[in-house]
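I have placed the structure first, in the form of structure tokens, so that the comments after it can refer back to it.
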Amino acid sequence: TGTTRPLRILQHVQRSAKQGDALSVITAIDSYCSKVEWAMNVGDKKGEILDTVVLETRPRYVLELGTYCGYSTLRIARLLPPGARLITIEMNPHYAQVAKEIFQYAGLDAQVELLVGSSTVLIPQLKKKLDIEKFDLVFIDHWKVSYLPDTKLLEECGLLKAGSVLLADNVICPGAPDYLKYIRNCPRYRSQYFPAQLEYLQVEDGVEKSVFLG
Ligand code: SAM
Ligand code: MG
């Protein structure tokens, strides 16, 4: 048919959301994905937990692993104080192209730095490439097997500081058991689980908030 789910989400946004209004774009995506086609956005319920963490952390530097169509990126971007930087990493070029168009439609493209490539390759380049020192907040939401190795990579690359917050989505469904075991037992983190439901479904899932203690 030549169409893809991300393109159908984009089309729905263009038809039903107000240009330049990020909240109406977020609402349009939630409406489409709860009524027409499920998609792997963090969704409205866990999205509220994400919003709360962004607001209480007041981050200046934010990293997101896994952009997909840019739904969670928009949720974060709209809450950032002026001058904050939000870097989001997506390895699928088609998803990244759709996300870019969604950021433009929402009027938030100037607030977002979208990097196309694998997190494993890009994380070690961030300091030099983007002139970033440390991240205040990292939203981890790419493939679940990569949560743990990429967290260790962030540590090794010196991208975390005392007080940095990691927020990991889908720790129950699909689940990231090795990540949870590490982050809950490592004395360098203080970790807390927030129960919720998988996006757009009545299935148990939740997010794990972990503060790096240095
Ligand atoms: N955070 C998005 C949201 O809530 O709207 C959803 C992200 S989706 C669950 C996961 C995305 O991570 C997919 O688009 C996938 O292509 C991307 N991805 C998976 N592994 C990756 C990696 N190692 N590096 C970069 N992107 C990756
Ligand atoms: Mg997710």
Side-chain angles (χ1 to χ4, degrees), residues 4-10 12-13 22-23 25-34 37-51 53-54 62-79 86-103 105-106 108 112-126 137-154 157 166-176 179-180 193-201 203-209:
T4 63
R5 189 175 317 188
L7 280 177
R8 293 188 290 274
I9 291 173
L10 173 62
H12 179 79
V13 163
L23 191 57
V25 175
I26 290 166
T27 307
I29 297 175
D30 281 328
S31 160
Y32 183 81
C33 295
S34 55
E37 270 187 283
W38 184 92
M40 56 182 166
N41 320 305
V42 69
D44 48 355
K45 291 198 190 110
K46 289 182 292 172
E48 279 180 23
I49 303 173
L50 172 62
D51 291 359
V53 171
V54 172
V62 186
L63 175 65
E64 173 177 70
L65 302 178
T67 318
Y68 190 46
C69 299
Y71 172 90
S72 54
T73 322
L74 287 185
R75 286 202 83 108
I76 299 167
R78 81 194 206 286
L79 300 175
L86 169 54
I87 288 97
T88 185
I89 295 181
E90 173 55 56
M91 70 180 177
N92 180 310
H94 173 61
Y95 297 168
Q97 182 56 39
V98 167
K100 208 172 142 191
E101 291 183 41
I102 288 190
F103 300 152
Y105 195 91
L108 285 174
V112 180
E113 296 167 68
L114 171 61
L115 303 181
V116 186
S118 155
S119 54
T120 315
V121 174
L122 290 172
I123 287 170
Q125 303 176 357
L126 290 176
L137 176 64
V138 183
F139 181 52
I140 306 176
D141 191 25
H142 54 344
W143 298 157
K144 310 314 154 192
V145 292
S146 299
Y147 283 26
L148 183 55
D150 280 353
T151 297
K152 290 181 175 170
L153 197 55
L154 288 168
C157 295
L166 307 185
L167 189 70
D169 189 27
N170 307 107
V171 295
I172 303 299
C173 184
Y179 174 79
L180 278 189
Y193 176 65
F194 292 84
Q197 271 119 41
L198 184 66
E199 49 266 27
Y200 316 120
L201 293 170
V203 172
E204 193 199 333
D205 188 23
V207 298
E208 186 84 3
K209 178 190 169 188

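All ligand and atom numbering here is 1-based and tracks the order in the structure. Bear in mind the structure is a predicted one, so any value in this text is a computation, not a measurement.
- Heavy atoms from both the backbone and the side chain of Trp143 come within less than 4.0 Å of ligand 1.
- Remark: the backbone N or O of Gly43 is not paired with any side-chain donor or acceptor of Glu199 at under 3.5 angstrom.
- Judged purely by atom type and a 3.5 angstrom limit, Asp205 uses its side chain to pair as donor or acceptor with the backbone of Ile172.
- Across every non-hydrogen atom of His12 and Ser31, the tightest pair is NE2-OG, 4.5 Å.
- At least one N/O-N/O distance between Glu90 and ligand 1 falls below 3.5 Å.
- Interface of Tyr95 with ligand 1, defined as ligand atoms under 4.0 Å from a residue heavy atom, comprises 14 (O), 16 (O).
- Residue contacts with ligand 1: Gly117 is included, with a non-hydrogen atom under 4.0 Å away.
- Atoms CG and OH, from Leu50 and Tyr71 in turn, are 9.0 Å apart once rounded to the nearest 0.5 Å.
- When all heavy atoms of Ala99 and Tyr68 are compared, the closest pair comes out as CB-O, 3.5 Å.
- Within ligand 1, counting atoms from 1 as listed, the ones closer than 4.0 Å to a heavy atom of Tyr68 are 6 (C), 7 (C), 8 (S), 14 (O).
- Remark: ligand 1 and Lys144 share no N or O pair separated by less than 3.5 Å (distance only, no angle test).
- Although no hydrogens or angles enter the test, the distance criterion places no donor-acceptor pair under 3.5 Å between the side chain of Tyr147 and the main chain of Gly175.
- Looking at every heavy atom in both residues, Val203 comes nearest to Cys173 through CG1-SG, 4.2 Å.
- Between Gln97 atom CD and Ile102 atom CD1 the span is 11.0 Å, to the nearest 0.5 Å.
- Given atom 10 (C) of ligand 1, the protein heavy atom at minimum distance is Asp141 O, 3.2 Å.
- Listed by atom number, the atoms of ligand 1 under 4.0 Å from Tyr71 heavy atoms are 5 (O).
- Of the polar atoms of Ser119, at least one N or O is found under 3.5 Å from an N or O of ligand 1, judged by distance alone.
- Taking 2.8 Å as the criterion, Met40 does not count as a coordinating residue of the Mg ion (ligand 2), since none of its N, O or S atoms falls below it.
- In this structure, the protein non-hydrogen atom closest to atom 18 (N) of ligand 1 is His142 CB, 3.7 Å.
- Protein heavy atom nearest atom 12 (O) of ligand 1, with residue, atom name and distance: Gly66 CA, 3.3 Å.
- Within the 4.0 Å heavy-atom criterion, neither part of Thr73 lies near ligand 1.
- The protein atom (non-hydrogen) at minimum distance from atom 4 (O) of ligand 1 is Val42 N, 2.7 Å.
- The nearest pair of heavy atoms linking Val116 to Ala96 is CG2-CB, 3.6 Å.
- The residue from Ser72, Ser146, Pro149 that puts a heavy atom closest to atom 5 (O) of ligand 1 is Ser72.
- Among protein heavy atoms, the minimum distance from atom 27 (C) of ligand 1 is reached at Met91 CG, 3.6 Å.
- In this structure, a donor-acceptor pair under 3.5 Å is present between the side chains of Tyr32 and Glu37.
- In terms of protein heavy atoms, atom 8 (S) of ligand 1 is closest to Met40 SD, 3.5 Å.
- At the Mg ion (ligand 2), the vertex angle linking OD1 of Asp141 with OD2 of Asp169 is 100° (nearest 10 degrees).
- Annotation for ligand 1: atoms under 4.0 Å from non-hydrogen atoms of Ser118 are 24 (N).
- Residue Ser146 comes nearest to His142 through the heavy atom pair CB-NE2, 3.4 Å, listed as atom of the first residue, atom of the second, then distance.
- Taking all atoms of both residues into account, the shortest heavy-atom contact from Glu90 to Leu114 is CB-CD1, 4.3 Å.
- In this structure, Thr67 counts as a contact residue of ligand 1, since one of its heavy atoms falls inside 4.0 Å of the ligand.
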